[in-house]
Structures are given as structure tokens and as C-alpha cells.
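Keep in mind the model is a prediction, meaning the values are calculated, not measured.
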Amino acid sequence: MAQTENNAGPVVSVEEIQKSWNNFTLRIEQLETGNAVLEQENKNLRRLLENVIEHRKKSHTELVNLVTTLVSKLPFNDLGVIITRLVEHNNQVAEISAALLGGKLEEGQLQPAILKLLDKTKRDLTAAVKPLAEELIKLDTPLETSMLQSVIAQPENFFTPPVVRASRCFVKGQIPRERIIREFGEAALIFFKDLTTDVKYNPRPKPEEIVLGFAGDFDALLAQHPNAIGDKKNELLALHQKIKESRLPSEKSRAQKNVFLKLSFILEMLHYYENQSAESPDAVFAQRLPPLIEQLVVTGERDSLDEKLLRQAEVLLSYVISPDYRQSVVNNLGKSGGLAKTLRLVLTLRTEKAPEPDEVAVEFVKHFIAPEKVPPVETFVTVMRLTHPNRYRKVIEAILSTDRIRKADADTLGKAVAKELGITDFESIFKKADALSPEKEQKMAWENIKELIHSRATPNEITAAIRKRLHAKYDADEVKASWLTLTESDALLLVRVFCLLPYLPDGQTDPVARAILESYVSRLTHEKYADTYNKVVAALRNMHRVKADSPALVNFISLVRWVDAAAADKLSQDVGLAAPVG
């Protein structure tokens, strides 16, 4: 039954098949043609998609590279972390793009200039560790050879507590207790004195933190106990001699310290670059590195700077990639003044483009020219030759503009310095100095007086400088500037200058003193300067408490009464005087 139904369809004749064959053939050809067109369109679309993805990948790489370059110039503490994230993001985009294209990720997709420089600096720092450590070993320092070799193999070992203690002991001529016990045994402790334990301040220090120094009578003790350390007597004598030589002011000890300082600087920089996310730039560039540079260049044996040591310092500073951080190291030199301050100024002026060259040049001149004292031309020129030639003119302009010495002396000094430095067209410098704006001249003059105050000059010297300025140019602006300068100082100094100002060195009264003191008193009693008034009253009360008839107190109230009786009465009442003075 089912077979009958399946075979029930009509049978197509051969003639009908032959008639429709051409139609079938034509349709198959049309389909094949359409399929070929679709395949070509797919190929074109794939090629366009590949071009778009490739262009997207390259443009994203260029964008991240540009952003990384811009970000590297910003004063961020975690700069390395930000750049690393940008690079990682770019690598992820590149991986996705490569996966879409069915290919592999190309290596070196992004290499910002800052990362290339950072990698190169790390390689240079790592390469510099071994020669310096080997040089320390050859110089026969008290430092352990095995410790220095471990620093060569692993620079991070320099920051482990045992190495830190050993380094501090080397600088101070001491030795860790743990090393003595390890090398000579506890019996050798009789030849040393404990420099850490203190009955009052540090009665129970940790054993590993104790440092020792050879006893003053070491030779006598060794003669009394010749067998205390067995056959290690010669080794102990050699160690004693090494420490003794490292403390002497000799060329060998200086060479040891110089190599150690350079090694410390390089290891500090390498440690910072490897741990930027954890290290504070302020602690590194403002606290740790400046003392290393200062101790390297400023030696106790010399009273002038050595250009050879300056070049070594500049080589070390070149490892600091960021110009701002490099300048931070230089700016934190010379806090104690003297030759160290000269070092800071010279290093700043040795760069081709010094930050704020006018201000640095003015500070340079202030450092070398004491008030009313003309320095020797040779001394000035010798230091000037250490700076960059592009800075010569700025310094000479500052010499010509200074009011620390007389104008004629400044001109003579400026011409002599210009001649020694080989500057022939110095007339243009003189014209530029003469064309100094009044505002700038006023600012420089009162800055000099402020520096006198900060340097703790005597009240007589400060009063003489203020009087000299007011006599040279007397107007309301100058009087106001003098008052503002005094308000920034100690209240007791203001009182003393106020008392000295009316009297000339020959004992006569200054003709402009009354007008100046009237201006001072009117400002002192004005509500705008209430803080200054309170400080002055407090200073006068202290004087009265110590000595009721203090000359400074009596003179100050009398001078105030000379120009304004009402103000004097108010001051007397606020100070708590029993009867009006003056």
C-alpha cells in the first residue's frame, strides 16, 4: 500500500527534461557568478577591516606614546606607576587587535622615550656598581670584602640592616659588634669600648645594633692579653690599622671616602628607580642625595672648589633623569653656608640654562660681597671660571647693581672681573645695569637689608643700612618698604632700630628721622598692623619685667612721645607702666 503511494507520482519524460536543461544550466551559472561576487566582496570587506584594526592599533600606540611623554614631564610622585599602566593598557589593546586579525602580537609595541631613558639609566647604574665596589676592595678599606662582593651580585643588599650599619660605622670610624664576635669571638670585646649603650638614654640596646670603637689604650691591652684571641692577633692589628688610616686626613682615606660616596649615590638612584612606587622623591632627592654630593666636593683640606670633583658630582647628577629632581638635589646643598653654599651656586650656574638666572646671579654676588667690603678680584674670578660662560654677563650685571658696596667700587669690580674673563664689550653690560628699573632697584635694596636681618647682623649695622637707603632715595614708598621690612623681623629688633634711627654716627639728629618715626608710629597704632603692635607690646613688657628702667624701653617710649604723645600714653598703658615715660 505504501509502495503504491510512493510510486504514484507522474513520470517526467525525457523530452521534457531535455527542454528544461538549458534553464537549469543558466540558473547554475547565475548562482556561481553571484557566489564569486560575494566571495570578492567578503575579501574586500576583510581587507578593509584589517586595515581599520591595524590603523586603530597604530593610532592607539601613538596616542599612548604621546600621553606618556606628556605625563613624564609632570611632577608626580608615582610617575613610574602611571607610565606602567599606560604601557599595560596599550599592550592589552594590541593583544585584542592581534586576536581579531588571527595573528601574533608584535614585540616592542610601545617604547616611550622616558622608558628608553629609564632602562638605559638603570643599565648604566648597574654597570657602575661593580667597578666602584672593586675599587673599594683594592683600597683596603675596613669594610668586609664579602659584603662588597654581595653588593656587586645583588645591589639591593646595600639597604639591608647589616650593610647599613657597617656603612655608618665606616663613615664614623667604628665597627659593628656582631662583626667582632663573628670574626674574633667575644673574648676580643676587651679591646673595644661600647659606643651605643648608655645608662640613661639607651640602657638595653639590641645586640645587633651595638657599635664599637677601639679602646684608646688598645696597644697596652693587647700587650696585657696577647693570647686572648689566639692566632687572630695579626688580623685584629690589621683591622685596627685600617680604621686608623681611614680616619687620617690622607689621600688614601680621601680616596676611600670618595669612592664610597659615589657608590652610595649610584645605589641610592638604582634603588629609587627600581622602587619608585614605594620611595618618596622628597626623601631621596632632598634628604639623602645632597649630603653625598656635598661631602664628595667639599673637603676639609681645601678652602676652594676643585673642578675635578665638580665634574664627578655632575656625572652623578646626570643619573637623575628628571631636571626638577636634579635641581632639587642642587637646591638642598649648602644649608650651612660657606663653601657648601658656593657649591650650590656654582652647580646652578654651570648649567647652560640656569633656573631664574637673575636671582641666582644676585644671590651669587651677595654670597661673595660682604656689606661695605670689596672682595679681591682674583677670588671672584677664580670661582666665576667654574661657572658656565653664558652666566658671566648676568653675574657682572648683579655686581654693578649691588648696593652692598659703593657704586664706584661696584663699577671698578665689575670692569676688573669682565677684563679677567675676557669680556670686551662690557660697555653694553654697564648700560644695561644703569637702565635698571626703579622697582627692581628698590626690591634688590630691601632684599639686601632683609638678608642682613636674617644673618643676625647687629642692630647698628641694620640701622645704618636702612638710613643709607632712605638717604639715597627718600619718599613714601621707601619709608613704607622700610617699615614692612622691620615688621617681618623680630619685635625686639624693631624696637632697637627705632631707638637708633634718629641718631647719626657723629651724635647729631638725622634731619629726616622725625618724619620717618611719625610714619612708623602711625602705622604701629593702626588696626591694620595689630599683630605687630601686640608683638611690640609683648617685647616691651618683657623688658619692663626684667628691668623697669631699661634704656631701650625708656628711649622707645620717649621717641614715640616725641612724635605722638597720645600713642605714647596708649603704649605706656598697654605695657603696664606705673607712670608715663618721657
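- Side chains of Asn275 and Glu279: no donor on one and acceptor on the other come within 3.5 Å.
- Judged by distance alone, the side chain of Glu294 and the main-chain N or O of Gly334 form a donor-acceptor pair under 3.5 Å.
- At least one side-chain heavy atom of Ile466 sits less than 4.5 Å from a side-chain heavy atom of Ile449.
- Side-chain atoms of Ser250 and Ser253 include a donor-acceptor pair closer than 3.5 Å.
- Residues Asp477 and Lys480 are not paired through a salt bridge, judged by the lack of any N-O separation under 4.0 Å between the basic side chain and the carboxylate.
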Verify side chain to side chain contact (heavy atoms under 4.5 Å, CB included) between Asp510 and Tyr503, making sure each step is shown before the conclusion. CA-CA 6 Å; Asp510 193 332; Tyr503 308 110; over 6 Å; no
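- Judged purely by atom type and a 3.5 angstrom limit, Arg496 has no side-chain atom pairing as donor or acceptor with the backbone of Ala552.
- Ring geometry for Tyr529 against His526 counts as perpendicular: the plane angle is over 60°, on a 0 to 90° scale with 30° as the lower cut.
- A side-chain donor from one of Thr342 and His367 sits under 3.5 Å from a side-chain acceptor of the other.
- For the side-chain contact (heavy atoms from CB on, under 4.5 Å) with Phe364, the lone residue among Lys394, Arg344, Met384 that qualifies is Met384.
- Under the 4.0 Å criterion applied to side-chain N and carboxylate O atoms, Arg165 and Glu209 are not assigned as salt-bridge partners.
- Note that OG1 of Thr463 is 14.5 Å distant from NZ of Lys468, once rounded to the nearest 0.5 Å.
- Here Lys415 does not pair with Asp411 in a salt bridge; the nearest charged N to carboxylate O distance is not below 4.0 Å.
- Counting only distance, with no hydrogens or angles, the side chain of Asn534 and the backbone of Ala530 share a donor-acceptor pair below 3.5 Å.
- Contact check on Lys535 versus Asp490 returns no salt bridge, with no Lys/Arg side-chain nitrogen under 4.0 Å from an Asp/Glu carboxylate oxygen.
- Atom NZ of Lys172 is surrounded by 12 or fewer heavy atoms from other residues, nucleotides or ligands within 6.0 Å.
- Side-chain contact of Asp549 with His544: a donor-acceptor pair under 3.5 Å is absent, judged by distance alone.
- Ring orientation note: the planes of Tyr272 and Phe285 are nearly perpendicular, at an angle over 60° on the 30°/60° scale.
- By the 30° and 60° cut-offs, the orientation of the rings of Tyr520 relative to Trp483 is tilted.
- Formation of a donor-acceptor pair under 3.5 Å by the Ser489 side chain with backbone atoms of Leu486 is found in this model.
- A donor-acceptor pair is defined here as one N or O able to donate and one able to accept, closer than 3.5 Å; no such pair exists between the side chain of Thr402 and the backbone of Ala398.
- A donor-acceptor pair is defined here as one N or O able to donate and one able to accept, closer than 3.5 Å; such a pair exists between the side chain of Arg326 and the backbone of Ile321.
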Give the intermediate values and the outcome of side chain to side chain contact (heavy atoms under 4.5 Å, CB included) for residues Leu310 and Asp306. CA-CA 6 Å; Leu310 277 174; Asp306 186 350; over 6 Å; no
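- Between Arg514 and Glu518 a salt bridge is recorded (basic side-chain N to carboxylate O distance below 4.0 Å).
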